[in-house]
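Input: a single structure, listed below in structure tokens.
Worth knowing before you read on, the calculation uses all heavy atoms, side chains too, and leaves out hydrogens, waters and symmetry mates.
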Amino acid sequence: MSKGKYYMTTAIAYTSGKPHIGNTYEAILADAIARYKRKDGYDVFFQTGTDEHGQKIEIKAAEKGITPKEFVDETAGVIKNIWDLMDVSYDKFIRTTDADHEKQVQKIFKKFYDQGDIYKGAYEGMYCTPCESFWTTSQLVDGKCPDCGGDVKPAKEEAYFFKMSKYADRLIEHINTHPEFIQPVSRKNEMMNNFLLPGLQDLCVSRTSFKWGIPVDFDENHVVYVWLDALTNYITGIGFDVDGSNEMYKKNWPADLHLIGKDIIRFHTIYWPIFLMALGEELPKQIFGHPWLLQGDGKMSKSKGNVLYADDLVDFFGVDAVRYFVLHEMPFENDGVISWELMVERMNSDLANTLGNLVNRTISMSNKYFGGVVTDKGVTDTMDEDLKAVVLGTPEKVAKKMDDLRVADAITEIFTLFKRCNKYIDETEPWVLAKDEAKADRLSTVLYNLVESISFGAALLESFMPSTAAKIVAQLNTSLRSFEEMNTFGLYPNGNKVTEKPEILFARLVEKEVLEKAEAMFEARKEETEEPAEPVIDIEAKEEISYDDFAKMQFQVGKIIACEEVKKSKKLLCSQVQIGSQVKQIVSGIKQHYSAEEMVGKKVMVLVNLKPATLAGVVSEGMLLCAEDADGNLALVTPEKDMPAGAEIC
């Protein structure tokens, strides 16, 4: 009998590149929860996917010389393959370039605009391209982006804004009356104290400085900003429609769990609930901001050369060993650490010894002493009762941990069961019992108790290490039990026969060999990713000129002291350029490559004696020199050393 629906999601992975193991951890964590809920009788719908719009992707696609759609198609395929490799049992893999998603985002944007939640204005601030976020100067940390620590630059553009403050009080009340809404509690306190209580600023929800996004259908110059686009996937993916949602949506919404990284908790616990309020939809029941998985002494970084990818780790350890490690080593609230040494240690101690050796010894002894036949002869001892108490008590302990999303603690409870089985072997000493024919029935009972206990553990392990659980019960010649069958000890069929040759579940590894192999892998990767030779461009030679012709042109260093956009032009900027003691007005077609704000203060090379010309109604008294690459990107030519305005270029 179903316990009801359970709709859960991960954050959708950004398609700017291949996800490292820290990104992949979230998908594995979500999968463990989804598998557990299914086994516990819930009708689970598990959605994950990819976030595919934004300026960063537009830039990366241009760098590779392909279209943004070609770029995200390739990267989304890589992400989906990694999720599949790691046995992530999603029910829906949404892409924000899906036509039905894009259509609904446009409808949502228009609804917000029509009901007065969105208005047109202009945004001016410091902009971080990787995070696609604007910041005020006071929000910066040491002059850097407070989210990623990267460089920011001044930017100003026309944009639509969402009136966040309109819904802020309602959201504060909801958080205060629903303590389970944001987990862990520390994340809730952070959002309340740092953002909601001080007062929300209106949110920029459209952009004009790039084109790779969902167009605002009633204003062709704007595309929907990434967060309004990305966040709505949680409802569009299950059939939400502004004009009337389908039965799938009505069945599954509200979400029971949004599982996200702690770095994007603000977007999910403030912006997303407010969007839902504006749509008149229920809020998700719970948003869990999980910690980060760090590499050694800090976050994984391509520049540090310490990035670990799931497929690389699988080559070393296998799928279930990697799943075990990232699930078991991540605390509930604090960041976890991954290292080669720690993975080898866990592989050898927990997986090869505690679990693998237990299964192997039990099956081997059953074959050695009874030809593989497992029978409960009912010859008990006091130590049996303690074993059974641990085994029968473990499902409830695991359930309590999973209810609180304490996945690492749940796995610990399961391995406590396996450790108790190993202790039981030491207590009963089957090899001693085997020497006394009079104790044959006791030996048979001991081995039955072990097989039965391992069957319990395998069934509980299934959500976290599905392949391993299946291998264990296959060797025991049984099936994975349901939770309903875990109230009774002794369901393993009497007279059943285990496999003749037990499979080694996890092989012990030598740390030195693993480290050497890892070092070789990183060295090979460095060679593959070394910067290519500087590109060159050949252009058709123009007619030769004489030195006298060249001498007629006057080039000087100029300093741009003011700059503004030329009205009614998409390409032109008008700069006031100081050249010596005079100032010249110069119009340049570089608006797509430089903002007016970032032009101010630049030292540039100027052709100063060019005959004045009128461009878009504005007089231009010279020319700024630029270089152009094969893709049409422009870069101002600037002096290599600091030179005074007016210095002659000769």
Side-chain angles (χ1 to χ4, degrees), residues 6-13 21-37 40 42 46 48 146-148 168 171-198 200 227 231 234 254-274 276 282-295 298-300 323-338 397-414 463-464:
Y6 191 87
Y7 175 42
M8 64 174 294
T9 70
T10 67
I12 47 178
I21 188 62
N23 306 134
T24 309
Y25 158 70
E26 183 177 297
I28 298 171
L29 176 64
D31 177 68
I33 296 169
R35 286 177 182 272
Y36 186 86
K37 288 292 183 181
D40 198 25
Y42 287 90
F46 169 22
T48 186
D147 274 357
C148 73
L171 177 57
I172 291 170
E173 181 184 3
H174 182 85
I175 293 172
N176 285 333
T177 55
H178 295 77
E180 75 289 348
F181 181 57
I182 304 175
Q183 291 294 321
V185 175
S186 60
R187 313 271 189 256
K188 181 195 80 169
N189 295 338
E190 178 187 350
M191 293 304 104
M192 290 288 280
N193 297 332
N194 294 353
F195 297 99
L196 279 166
L197 296 179
L200 287 179
W227 285 110
L231 289 165
Y234 302 130
D256 294 270
L257 175 66
H258 286 325
L259 188 69
I260 59 168
K262 66 178 183 178
D263 53 325
I264 53 174
I265 192 100
R266 170 165 52 98
F267 305 100
H268 285 78
T269 60
I270 298 178
Y271 303 155
W272 177 226
I274 285 178
L276 287 167
E282 290 185 68
L283 303 195
K285 294 180 182 178
Q286 189 169 75
I287 301 168
F288 180 77
H290 64 75
W292 285 334
L293 182 63
L294 304 180
Q295 160 69 11
K299 289 178 69 177
M300 292 173 214
R323 284 178 63 104
Y324 172 78
F325 185 88
V326 298
L327 292 173
H328 183 261
E329 294 303 311
M330 285 295 288
F332 178 72
E333 194 162 352
N334 301 318
D335 294 335
V337 176
I338 185 171
K397 291 179 179 178
V398 171
K400 287 181 179 179
K401 300 299 184 186
M402 292 301 290
D403 284 345
D404 294 334
L405 302 181
R406 293 184 176 272
V407 176
D409 295 338
I411 296 176
T412 296
E413 295 291 351
I414 298 169
S463 302
F464 314 101

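- The side-chain heavy atoms of W272 and I264, taken from C-beta on, include no pair separated by under 4.5 Å.
- With respect to D256 and K37, no salt bridge is recorded, no charged nitrogen being found less than 4.0 Å from a carboxylate O.
- In this structure, H328 contributes its side chain and Y324 its backbone to no donor-acceptor pair below 3.5 Å.
- For P184, the side-chain contact (heavy atoms from CB on, under 4.5 Å) criterion is met by S186, R187, F288, F332, E333, not counting sequence neighbours.
- Using a 4.5 Å heavy-atom cutoff, the side chains of L293 and M330 are in contact.
- Checked against salt bridge (charged side-chain N to carboxylate O under 4.0 Å, His left out), D335 has the following partners two or more places apart in sequence or in another chain: K262.
- With E26 contributing its side chain and G261 its backbone, the two residues share a donor-acceptor pair below 3.5 Å.
- Proximity of L405 to L257: side-chain heavy atoms (C-beta onward) are separated by under 4.5 Å at one or more points.
- Checking side-chain atoms of D40 against main-chain N and O of Y36 turns up no donor-acceptor pair under 3.5 Å.
- Residues Y234 and H268 have side chains in contact (heavy-atom distance under 4.5 Å, counting atoms from C-beta outward).
- Residues I414 and F464 have side chains in contact (heavy-atom distance under 4.5 Å, counting atoms from C-beta outward).
- Taking the six-membered ring for Trp and the full ring otherwise, W227 and Y271 have centroids separated by 6.0 Å or more.
- A 4.5 Å side-chain heavy-atom check between V407 and M402 finds at least one atom pair inside the cut-off.
- We find that K400 and D404 are not joined by a salt bridge, their nearest charged nitrogen and carboxylate oxygen being 4.0 Å or further apart.
- Between L29 and L327, the closest heavy-atom pair is CA-CD2, 3.6 Å.
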